[in-house]
Structures are given as structure tokens and as C-alpha cells.
Trainee: 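Before anything else, here's the structure in question.
Residue numbers run from 1 in the order of the sequence given. Computed from a predicted structure; not experimentally measured.
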Amino acid sequence: MYYDYYTGGAEDQHTLTENVKSFRRIIIQPRVLVDVSKIDMSTTILGHKTSAPIMIAPTAMHKLAHHEGEVATARGAAACDVIMGLSYMSTCTVEEVASSCNAVRFFQIYVYKRRDITALMVHRAEKNGFGAIILTADTPRLGRREADIKNKMIAPQLKNFEGLISTEYVSDKGSNIEALAAGTFDASLCWKDIEWLKSITKLPILIKGVLTSEDAIKAIEAGVAGIIVSNHGARQLDYAPATISVLEEVVHAVQGKVPVFFDGGVRRGTDIFKALALGAKAVLIGRAVIYGLAAKGELGVKQVIQMLKDEFELTMALSGCCSVNDITRSHVKTEKGRFICRM
């Protein structure tokens, strides 16, 4: 049941498949005879120096994968010197994760119908040293995840909300995750509410779930500090575009005013390289980290991140790029670009 929860997507899972397949249609164009004896993968994200353009995506309920949950994930991320996004729906508390190790972390939120609860969670993150807020904007309702419905997916009471609100929703229609979302998530959330969120925190706000140039422009107008191009791991609207296929559109719309981050379908170091070439500042890794956590706990998280870093470093070297700033649009050719060339 828990494996299906982590690995599954919405409905026919078309977008889930395309998130990965779309990377395969992008070709790397390497440069040769470049001195690549020294490779520097480091970058800066919202002012925080990090070892590589890799972040751990905020994903829910890590204790379903490993008994140490998000604490093990946080330690693995810290050991690799990458930023972790902690989910609002975590099974360890904000305070447990914050005290587990010294590292840069961002906090992801949903907005509940009870805004006071969301405000309290933001304040707890700020008090515990989190460096930014990630607002997930593509979930007014939960997508139809049929594996969870079939399995009658049951989630535990979430410790962050003990004494505030029950997260033990029961549904006779299948997944209680869906019932939890329907009972708590605020479907009225809209662009004007960004101003409310900015009024309750001094932390920079990233908006996650943008897939179009129109929404990217609105995000800039709303004053966000960054944009995460994401389709929620293909778990919300099936037949939404694969994220890598729309990354460049969003980057062009933003015009460098804020950093653009990328989430969805990254499985190899070559994928990281392709996303950066198309304009992403960094990529977020979700399922791969969960699988590492399930296999070996903190060590598994470290191994997954290190594998991606090793592959990314090799891709940089073989493409003639000594630093992430050397990776440019000319290093990749998309399907659209190849079509234009044939014309």
C-alpha cells in the first residue's frame, strides 16, 4: 500500500510516464577539448551556498518508508550539503527535524481552511531556522490516485497537528488521504492570498506548481522569491504537461527576475544537466530519495544524492562544463529544436 502511495500518479498515469520519457527526447550537445580537470558543481540558492544544484523535494509521510522518517532524510541531506524541503504533511515534527542536524532547510505548506493552523506552522518553521516557505499551489483538491483508492490507503495522525486538528479522516470511498485533503485544504486559495502569506512571514516564498507562462507572470506580480515548475510528481491532473517540456516557457516568461527551479522526472545526472541547460537554477528530487530512505534509511538518502552528484559531475566533464554557470542552452537540443533544424 505504501509503495503504491509513493510510486503512483493520477488516473491513467500518462503524465507520470511522460515526466520521465520527455527527458529522453532531449539531446546533449557536448563540447570537446575543454580543460575539465576541475569540476565545481556548487551553486547558491536564495543566498545559501550548496554543494550541487540538487534539492530534496518536499514529500509526505517519510515514516511510511522508514521508522526514522524525515529525521533520517534531513541527516542524509545535511551530510551531502544539499537543501531539504520538509513537507507540511511530514510524520516528524518541524522541531524534530530542525534539531536533528545543522543544515539549510525550506518548509513546504498547504493552506488549510483554518488559516490559523497554516499561520502557526509557518511561524514554527521560521522560529526553527527554516530558510524559505514553499507554497504548493496546485492542490485545491487532491488528484484521483486510483492505487490509493483501491488499497484504501490509511495515513497516520500527523504529529505536527497534534492538539490542533485531527488528520485521521475516515472515508467509505477509499483513500483517507483524499478525505483528509477534502476536509482540510482551502479550495478558495487564489493569487491575492500570496499577500496574506507574505504578511505573516519574513521568509522568502517559493511557489510550487507553475506550468505556464501566464502563471509565471502572475507569480512575479505577486512578489514571490522563486518559482518551482512542477506537476506534483504527476499526482494531480493527469495529462498535464511533463514538467521538462514547459520549463523553458516559464524561464522565458520570468526573464531572470527570480530563480526558476525544476521538479518532476529527474532520475539521472544527465536529467539535472538538461534541466539546468533549459534555465533551471536547481532540481528537486522526490521519489528517488524516498526509495533510498526505504532501502537504507539515512545511508540510502546519502547514496541516492551521491549517485546523482557523481552522474551530474561526469555529465558536466564530458560536456565540457567546469561549473554550473558554464551549462548553457546551446548544450542541449530539444525535440522542437530538432524539428526546426529539419525544416
Trainee: Say whether, by atom type as modelled, one donor and one acceptor occur between the side chain of S22 and the main chain of A242 under 3.5 angstrom.
Mentor: no
Trainee: What is the distance from atom CE of M84 to atom SG of C101, rounded to the nearest 0.5 Å?
Mentor: 8.5 Å
Trainee: Given I56, which partner from the list I285, L86, V301 fulfils the side-chain contact (heavy atoms from CB on, under 4.5 Å) test?
Mentor: V301
Trainee: Do the side chains of E311 and R267 get close enough for a salt bridge, i.e. N-O under 4.0 angstrom?
Mentor: no
Trainee: Decide yes or no on side-chain contact (heavy atoms from CB on, under 4.5 Å) for I194 and V224, but give the supporting numbers first.
Mentor: CA-CA 8 Å; I194 301 292; V224 302; 4.3 Å; yes
Trainee: Sorted by first residue and then second, give each ring-ring contact (aromatic ring centres under 6.0 Å, His included) pair with at least one member in residues 64-91; sequence neighbours left out.
Mentor: Y88-Y112, Y88-F161
Trainee: Within a strict 4.5 Å, meaning less than it, do heavy atoms of the Y6 and R287 side chains meet?
Mentor: no
Trainee: Do side-chain atoms of D238 reach the backbone of T15 as a donor and acceptor pair under 3.5 angstrom?
Mentor: yes
Trainee: Are there more than 12 heavy atoms of other residues, nucleotides or ligands under 6.0 Å from atom CG of N102?
Mentor: no
Trainee: Tell me if a side-chain donor or acceptor on T50 pairs with a main-chain N or O of S42 at a distance below 3.5 Å.
Mentor: no
Trainee: Do R145 and Q236 have side-chain N/O donor and acceptor atoms under 3.5 Å apart?
Mentor: yes
Trainee: Would you say the side-chain atoms of S51 pair up with the backbone N or O of D81, donor to acceptor, closer than 3.5 Å?
Mentor: yes
Trainee: Does a donor on one side chain sit under 3.5 Å from an acceptor on the other, for E70 and S90?
Mentor: no
Trainee: Among E96, R124, E95, which residue satisfies the side chain to side chain donor-acceptor pair (under 3.5 Å) criterion with N160?
Mentor: R124
Trainee: Using a 3.5 Å distance criterion without hydrogens, assess whether the side chain of K257 forms a donor-acceptor pair with backbone atoms of I220.
Mentor: no
Trainee: Taking only residues at least two apart or on different chains, which pairs with a member in residues 211-269 satisfy ring-ring contact (aromatic ring centres under 6.0 Å, His included)?
Mentor: H14-Y239, F23-F262
Trainee: When you compare the side chain of V122 with that of L197, does any pair of heavy atoms fall below 4.5 Å?
Mentor: yes
Trainee: Check for a donor-acceptor pair, side chain of E126 on one end and backbone N or O of K202 on the other, with a separation under 3.5 Å.
Mentor: yes
Trainee: With side chains defined as the heavy atoms from C-beta onward, is the minimum distance between Y2 and I290 less than 4.5 Å?
Mentor: no
Trainee: If you measure only the distance, is there a donor-acceptor pair under 3.5 Å linking the side chains of E249 and T212?
Mentor: no
Trainee: Say whether S37 and D35, considering side chains only, have a donor N or O and an acceptor N or O under 3.5 Å apart.
Mentor: yes
Trainee: Within the side chain of H48, is there an N or O that forms a donor-acceptor pair under 3.5 Å with the backbone of I45?
Mentor: no
Trainee: Is there side-chain contact between I272 and V266, with at least one heavy-atom pair below 4.5 Å?
Mentor: yes
Trainee: For S319 and H331, which I'm curious about, is there any donor-acceptor pair between the side chains at under 3.5 Å?
Mentor: no
Trainee: Does a sphere of radius 6.0 Å around CE in M307 hold more than 12 heavy atoms from other residues, nucleotides or ligands, not counting ones at 6.0 Å or beyond?
Mentor: no
Trainee: Answer yes or no: is there a donor N or O on one side and an acceptor on the other, between the side chain of K309 and the main chain of C80, under 3.5 Å?
Mentor: yes
Trainee: Are side-chain heavy atoms of R115 and D193 found at a separation under 4.5 Å?
Mentor: yes
Trainee: Contact between L135 and V111 at the side-chain level, heavy atoms closer than 4.5 Å - yes or no?
Mentor: yes
Trainee: Do V36 and M316 have side-chain heavy atoms sitting under 4.5 Å apart?
Mentor: no
Trainee: Judged by atom type as modelled, is there a donor-acceptor pair below 3.5 Å linking the side chain of T243 to the main-chain atoms of G264?
Mentor: yes
Trainee: Between D326 and R31, does any NZ, NE, NH1 or NH2 come within less than 4.0 Å of an OD or OE carboxylate oxygen?
Mentor: no
Trainee: Would you find more than 12 non-hydrogen atoms of other residues, nucleotides or ligands less than 6.0 Å from R268 atom CZ?
Mentor: no
Trainee: May I ask you to test the L318-L314 pair for a side-chain heavy-atom distance under 4.5 Å?
Mentor: yes
